[in-house]
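Here is the structure we will look at.
Just so we're on the same page: letters track the sequence lines, and every chain starts at 1.
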Protein chains: 2
Amino acid sequence: MILDTNKTQAEAIAVRIRTLILNGALQPGQPLRQEALSEQLSVSRTPLRHALQSLAEEGLVETIGYKGAKVAELDRGMVDDLFEMRLVLEPLALRSALPQITKLDLARAEMALDTADTEKEPSKLSALNWDFHYALYRPSNRQMLLRTIEQLNKASALAEVIANSIVGRPKKSAAEHRKLLRACRDGDETGAIAALSEHLQLAHQDIRTGKD
Amino acid sequence: MILDTNKTQAEAIAVRIRTLILNGALQPGQPLRQEALSEQLSVSRTPLRHALQSLAEEGLVETIGYKGAKVAELDRGMVDDLFEMRLVLEPLALRSALPQITKLDLARAEMALDTADTEKEPSKLSALNWDFHYALYRPSNRQMLLRTIEQLNKASALAEVIANSIVGRPKKSAAEHRKLLRACRDGDETGAIAALSEHLQLAHQDIRTGKD
DNA sequence: AGAATCATAATTGTATCCAATACGGCTTTT
DNA sequence: AAAAGCCGTATTGGATACAATTATGATTCT
């Protein structure tokens, strides 16, 4: 989960750049010049470089030695991969989490959904979307699994933003999320897994149609 | 696959540190002081920090802001996660790859096995192990999937080394690898998948028993 | 004596400066 | 005229110096 400690500047910068990317201010393929960005963000190039590296390992930017960094371009194959992996890994996490889920977890998930209902900014929506899913998976206490799932989610956030800028996906997504939350609250494991799978498949589908 | 270009020093250093970790020269939990390492490796702290960050995102190192970095400690739960993920993702990659696999790919895989037969150094063995698996998965041409699988393999390499330092795992592993390669060469998809699953489960098991 | 506090040292993160590398235009050669 | 080689500029990677943060130890107060 994204610990907003931001104690180190590099991480703070990473957050800001991620926001710029997810809001479309920096579009895929666009080169990220270190000097320009560093002066625009009022930071030295050193922590900026660290931030770019973090985002690179996250999948949001591509960086080639001595040639610079650019916002990642996700082709259809990559998006397919992302969702195929999510479709097998996230049900795993959910199934592990459900027996140990607490009311606090459910409350956190619900709060994320409520906040998302009135939120417009894409980067915030992406964050809330992850908050929701994370609240449901975290009780599994499976660090490695959660970590990979988080990576995949962050990457697919970029894909959603690219495809999705105009479409009314948030509304549909909200309904699917509520359904999933309800099943979790009722302790209905098979229902929850089904809702999750359906949700992921629909999201995937919308991205595919949006990308054409 | 690990392109040994080493064009940038940070990557070269990352390779060296990874080697130190996988050979046991740097043991889990051991703190990695920047100044000490930088002088030991005859490099400035700047690329060293980049290397540490890379290794952190790889899972071999944990780093906390202002508190320093240390070699990652993988508990049993993390290892279980790693192999559970590998067990679902790698068959996916293999199944996608098999229809497009070429003789060159198979030759590469075989060469990795042959080289491994006479190799003693753990870090080299880990690298060759990945070379073998990668040769079989790469024809799938699924970048994202391959990338995640590579991450998981690198992380479990650390786990294998920890558990495995003495045991005769390499021999058993070799037999399983040959069996898998044979099935791939024969175009026997179900056999290959079965061999792969069995191989992963055995590796997991050996690590678990070794860790006690 | 024990705990809290302040000062000092050790270590990490950041800024600035220098070196190495890649890109673009030019000349030069065939 | 086309292609290959070379030089100058722009941009990234690395080294050094400085600031911020954390840990440690002594000192003081209760």
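- The CG atom of L60(B) sits 8.0 Å away from the CG atom of L74(B) when rounded to the nearest 0.5 Å.
- With hydrogens and angles disregarded, no donor-acceptor distance shorter than 3.5 Å links the side chain of N153(A) to the backbone of W130(A).
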Which atom pairs link the protein and nucleotides 21-23 of chain C when you take only N or O atoms and keep those under 3.5 Å?
| unit_1 | atom_1 | unit_2 | atom_2 | d |
| --- | --- | --- | --- | --- |
| dA22(C) | OP1 | K7(B) | NZ | 2.7 |

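- Rounded to an integer number of Å, the gap from I13(A) CD1 to dG13(C) C1' is 13 Å.
- With a 6.0 Å radius and a threshold of 12 heavy atoms from other residues, nucleotides or ligands, E35(A) has its CD atom at or below the threshold.
- A heavy atom closer than 4.0 Å to some atom of DNA chain C occurs in V43(A), S44(A), T46(A), P47(A), these being the qualifying members of residues 34-59 of chain A.
- Under the 4.5 Å side-chain criterion, counting only non-hydrogen atoms from C-beta, Q143(A) is in contact with D75(B).
- Classification of D105(B) and R138(B) as a salt-bridged pair holds, one side-chain N sitting under 4.0 Å from a carboxylate O.
- Chain B approaches DNA chain D over the interval dG13(D) to dA23(D), counting the first and last nucleotide 5' to 3' with an atom under 4.0 Å from its heavy atoms.
- The side-chain heavy atoms of L196(A) and H133(A), taken from C-beta on, include a pair separated by under 4.5 Å.
- No more than 12 heavy-atom neighbours from other residues, nucleotides or ligands sit within 6.0 angstrom of CD on Q27(B).
- Note on K172(B) versus D206(B): salt bridge recorded, some NZ/NE/NH1/NH2 to OD/OE distance being below 4.0 Å.
- Salt bridge status for D117(B) with K171(B): absent, with no side-chain N to carboxylate O gap under 4.0 Å.
- Classification of K154(A) and E150(A) as a salt-bridged pair holds, one side-chain N sitting under 4.0 Å from a carboxylate O.
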